[in-house]
Amino acid sequence: MAQISLTFPDGNARDYAAGVTPAEVAASISKSLEKKAISASVDGAHWDLQWPIDRDAAIAIHTLADDGPALELIRHDLAHIMARAVQEIWPDVKVTIGPVIENGWYYDFDRAEPFTPEDLGEIEKRMKQIIAAREPVRTEVWPREKAVAHYEANGEPYKVELIDAIPGDEPLRMYWHGDWQDLCRGPHLQHTGQVPGDAFKLMSVAGAYWRGDSSRAMLQRIYGVAFKNRDDLKAHLHMLEEAAKRDHRKLGREMDLYHMQEEAPGQIFWHPNGWSIYTTLQDYMRRQQRAGGYVEVNTPQVVDRKLWEASGHWDKYQEHMFIVEVDEEHAREKAVNALKPMNCPCHVQIFNQGLKSYRDLPLRMAEFGSCNRYEPSGALHGIMRVRGFTQDDAHIFCREDQIEDETKRFIDFLSEIYRDLGFENFRVKFSDRPEVRAGSDETWDKAEAALKNATIAAGSEFELNSGEGAFYGPKLEFVLTDAIGRDWQCGTHQVDFVLPERLDATYIGADGAKHRPVMLHRAVLGSFERFIGILIEEHAGKLPFWLAPRQVVVASIVSEADEYVHEVVAKLQKAGVRAEADTRNEKINYKVREHSVGKVPVILAIGHREVEERTVTVRRLGEKQTEVQTLDAIVGALSAEATPPDRRD
RNA sequence: GCUGCUGUAGCUCAGAGGUAGAGCACUCCCUUGGUAAGGGAGAGGUCGAGAGUUCAAUUCUCUCCAGCAGCACCA
């Protein structure tokens with residue numbers, strides 16, 4: 001029999017008979033490895049312990065000691081075990097797919113009755129029985145017809161559809177967990193007992209469309225999480241609890257930032273504290289934009305449909321627009337208007353006033369543009385996804401050959417702002433041409449290359465979002481993550497060849513002829529609303545001092561100190577610090593607790609001693625330690641801290 | 001928008017076919033207390049909206065609205 005050579009991760013190689021399985025390889029190394037082995041990698045491909053190897057290869061045996069492929073396999077098999085448990089309890093449930101996801105897996109089922117939380121408990125119990133039974137996993141490769149016939153006979157239409165979607169030359173693998181059978185490309189465990197029975201948990205059930213298509217059946221998706229041991233599971237559940245405490249919707253209430261109510265779904269009632277954050281951020285952005293070479297403009301909210309027809313929004317975006325029709329009773333002419341969902345068409349109107357020269361380009365036109373979009377009800381989420389919001393929007397009108405420079409310049413601009421706001425790390429997604437698009441391939445080639453080159457030149461790495469570009473041009477998205485791990489697009493930078501054409505924007509080139517400018521749509525924060533939500537979650541409510549709505553509370557310990565408290569507050573306010581007095585008839589403990597919950601960064605406590613010595617006792621949020629400082633010293637220090645980052649030396 | 005769940009005092013939540021309760025917050029009184037809740041009293045609710053069943057609905061049914069989770073959407 002032919003010999004093959006297998007190379008181990010440590011660089012050593014050994015010869016085996018061709019057709020050897022990783023299980024046999026593991027056994028040849030040690031009894032304990034044979035027992036602990038979960039799966040293998042063969043030349044980087046994830047390999048079942050029972051699959052033969054018939055060529056020279058690099059091999060690694062995976063155990064649960066390493067987090068990677070072995071844990072993934074556990075999660076994968078748990079998906080099958082869950083599907084089996086469900087079908088054992090409810091034989092008429094139809095099974096579909098169940099992939100591994102971050103921290104666990106899900107499986108989609110078709111069942112008339114909804115799964116209840118009690119059902120989840122029952123499924124989990126049955127899963128534990130299956131694991132305890134150490135059911136063997138075995139596999140067979142089936143001809144396509146046999147598999148289709150099997151699933152048709154068993155009334156599993158989803159599986160038949162899945163088989164249809166598998167390329168004809170790929171072998172169809174059938175797996176059995178005990179008596180229960182599923183279609184799966186593998187690899188798999190050797191038996192169900194390899195799953196740590198106390199390290200998984202079913203989390204939730206929710207609807208999900210079959211094949212992600214909203215025109216197709218709504219299935220029930222059960223989510224589970226799994227880890228290599230019980231401690232990891234507990235740590236994960238604890239992390240979820242901690243994350244829930246950072247939720248901006250909870251902190252927004254505790255910090256008295258804003259509220260929302262039924263009469264205005266998806267819109268925000270900003271309270272004084274929240275509005276303070278908003279305006280502080282806006283002031284900062286305005287300064288940055290000025291320094292960055294932008295001009296600021298402002299454009300109408302309610303605009304005649306004619307403009308939206310010209311821009312193409314009426315056609316492509318109408319269902320997301322608030323349409324405004326004036327009652328004929330009190331209007332002479334009944335015009336149909338729409339609240340602007342975007343600022344771009346209005347900016348082109350400003351660009352189009354008067355003749356523009358190539359000398360005017362690049363023209364960077366910024367607006368804190370209030371937009372209204374009729375977002376689907378299910379998409380609304382706190383202040384992160386709303387129907388009324390304000391973008392830190394700008395459009396750069398430039399020549400094609402300026403795209404790269406402007407892109408690089410923008411990424412630098414955004415990076416500095418994100419750094420100032422406490423985001424050292426953000427992800428960049430690059431979306432290239434979609435199937436349906438405007439403009440020639442040649443133009444797309446140039447635009448894509450310009451974005452890519454600029455991103456690399458700016459020192460950022462990007463993930464490719466293949467085919468996800470806008471129909472009018474490629475784009476970069478700058479993504480931040482919220483407390484619960486959900487991604488939110490904040491910054492964006494998009495090339496647009498179409499709108500200048502549709503709205504007939506031109507400039508006079510050096511050759512004296514009219515030319516079409518390119519538009520770059522760009523935003524750093526995205527929207528103030530979303531960004532503030534992210535900011536709150538990122539900092540768990542403990543905003544950087546300069547952004548905190550109430551920076552200092554000066555709290556009296558005894559009422560004899562009230563006069564001095566007001567003097568301290570006045571001094572701080574004069575020095576540009578947002579300070580308040582708390583002279584209520586409450587104990588200092590009570591005041592400290594209340595303002596700590598409210599995330600006030602600094603509490604200055606004042607009793608007899610401080611009055612006599614003209615000092616304050618400083619307590620910083622999150623610190624138990626206090627510190628006595630003279631009034632002048634603390635006013636100077638806090639005044640410096642209150643200075644926004646762009647104004648510091 | 002779709003599936004499921006939820007909606008009771010400002011907040012967090014309990015409750016039941018016979019028109020409601022707790023803690024915190026709020027108001028007043030006592031207390032002047034040294035770093036995460038001092039004590040007492042009081043006030044506060046068309047039980048999300050509408051319709052139906054019933055002698056009687058906040059409770060059961062239906063419709064709608066909003067919120068939550070996920071999916072779809074996010075040009």
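Letters go in sequence order (proteins before strands), and every chain restarts at 1.
Side-chain proximity of A:Arg593 to B:rA69, B:rA37, B:rU35: nearest is B:rA37. Residue A:Arg609 has its side chain nearest to B:rG34 when only B:rG34, B:rU3, B:rU32 are considered. Here the side chain of A:Glu262 is nearest to one of B:rC71, B:rA36, B:rA66, namely B:rA66. Side-chain proximity of A:Ala379 to B:rG34, B:rA72, B:rC71: nearest is B:rA72. Set against B:rG67, B:rU35, B:rG1, the side chain of A:Tyr374 has B:rG1 as its closest nucleotide. If you check B:rG70, B:rG34, B:rG38 against the side chain of A:Tyr223, the one that comes closest is B:rG70. Set against B:rG70, B:rG67, B:rA37, the side chain of A:Asn589 has B:rA37 as its closest nucleotide. Comparing B:rU32, B:rC74, B:rG34 by their nearest atom to the side chain of A:Arg373 picks out B:rC74. Here the nucleotide nearest the side chain of A:Ser596, chosen from B:rG1, B:rA36, B:rG34, is B:rA36. Candidate nucleotides B:rA69, B:rU32, B:rA72 were compared by shortest atom distance to the side chain of A:Glu560, and B:rU32 ranks first.
Salt bridge absent: A:Arg249 and A:Glu537 never bring a charged side-chain N and a carboxylate O closer than 4.0 Å. The pair A:Asp393-A:Arg522 does not meet the salt-bridge criterion, since no charged nitrogen lies less than 4.0 angstrom from a carboxylate oxygen. Between A:Asp119 and A:Arg126 there is no salt bridge, since no side-chain nitrogen of the basic residue lies less than 4.0 Å from a carboxylate oxygen of the acidic one. By the 4.0 Å N-to-carboxylate-O rule, A:Glu400 lies close enough to A:Lys446 to be salt-bridged with it. Remark: A:Arg614 engages A:Glu567 in a salt bridge, criterion side-chain N to carboxylate O under 4.0 Å. Using a 4.0 Å cut-off between charged nitrogen and carboxylate oxygen, A:Glu477 and A:Lys475 count as a salt-bridge pair. Between A:Arg516 and A:Asp504 there is a salt bridge, since at least one side-chain N of the basic residue sits less than 4.0 Å from a carboxylate O of the acidic one.
Annotation: B:rU35 and B:rU27 have their P atoms spaced 26 Å apart (nearest Å). Using atom P as the reference point in both B:rU3 and B:rC60, the two lie 22 Å apart (nearest Å). Between the P atoms of B:rC29 and B:rG67, the separation comes to 41 Å (whole Å). Look at the C1' atom in both B:rC13 and B:rA9: the space between them is 11 Å, to the nearest Å. Taking the P atoms as reference points, B:rU54 lies 47 Å from B:rC73, given to the whole Å. To the nearest whole angstrom, the two P atoms, one in B:rU59 and one in B:rG48, are 8 Å apart. The same atom, C1', is picked in B:rC47 and in B:rA57; the two are 11 Å apart, to the nearest Å. Here, B:rU19 and B:rU58 have their C1' atoms 8 Å apart, quoted to the whole Å.
For A:Tyr209 against B:rG1, a side-chain N or O and a base N or O form a donor-acceptor pair under 3.5 Å. Checked by distance alone, A:Glu610 brings a side-chain donor or acceptor within 3.5 Å of a matching partner on the base of B:rG34. For A:Thr626 and B:rG34, a side-chain-to-base donor-acceptor distance below 3.5 Å is absent, hydrogens and geometry of angles not being considered. If you check distances only, the side chain of A:Arg619 does reach the base of B:rA36 with a donor-acceptor pair under 3.5 Å. In this model, a side-chain donor or acceptor of A:Arg385 finds a partner on the base of B:rC73 within 3.5 Å.
Residue contacts shown for A:Gly473 are absent, as no nucleic acid heavy atom lies under 4.0 Å away. A:Thr617 comes within contact range of at least one nucleobase, with a heavy-atom separation under 4.0 Å. Using a 4.0 Å heavy-atom distance criterion, A:Ala470 is classed as a sugar-phosphate-only contact.
Centroid-to-centroid, the aromatic rings of A:His271 and A:Tyr258 stay 6.0 Å apart or farther. Taking the six-membered ring where the residue is Trp, the centroids of A:His80 and A:Trp105 are separated by 6.0 Å or more. Checked against a 6.0 Å centroid threshold, the rings of A:Tyr374 and A:His320 do not count as neighbours.
No more than 12 heavy atoms of other residues, nucleotides or ligands shown are found within 6.0 angstrom of CD on A:Glu319.
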Paired and unpaired positions of RNA chain B as dot-bracket, Watson-Crick or G-U wobble under 3.5 Å, | denoting a partner strand: (((((((..((((....[..)))).(((((.......))))).....(((((..]....))))))))))))....
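Nearest-nucleotide assignment on RNA chain B puts the 5′-proximal partner with A:Gly607, out of A:Lys316 and A:Gly607.
Using modelled atom types, one finds no donor on one side chain facing an acceptor on the other under 3.5 Å when comparing A:Thr630 with A:Thr615.
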Heavy-atom protein contacts under 4.0 Å, nucleotides 24-30 of chain B, coded B base, S sugar-phosphate only, - none: -SS---B
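In this structure, A:Arg620 atom CZ and B:rU35 atom C1' are separated by 15 Å, rounded to whole Å.
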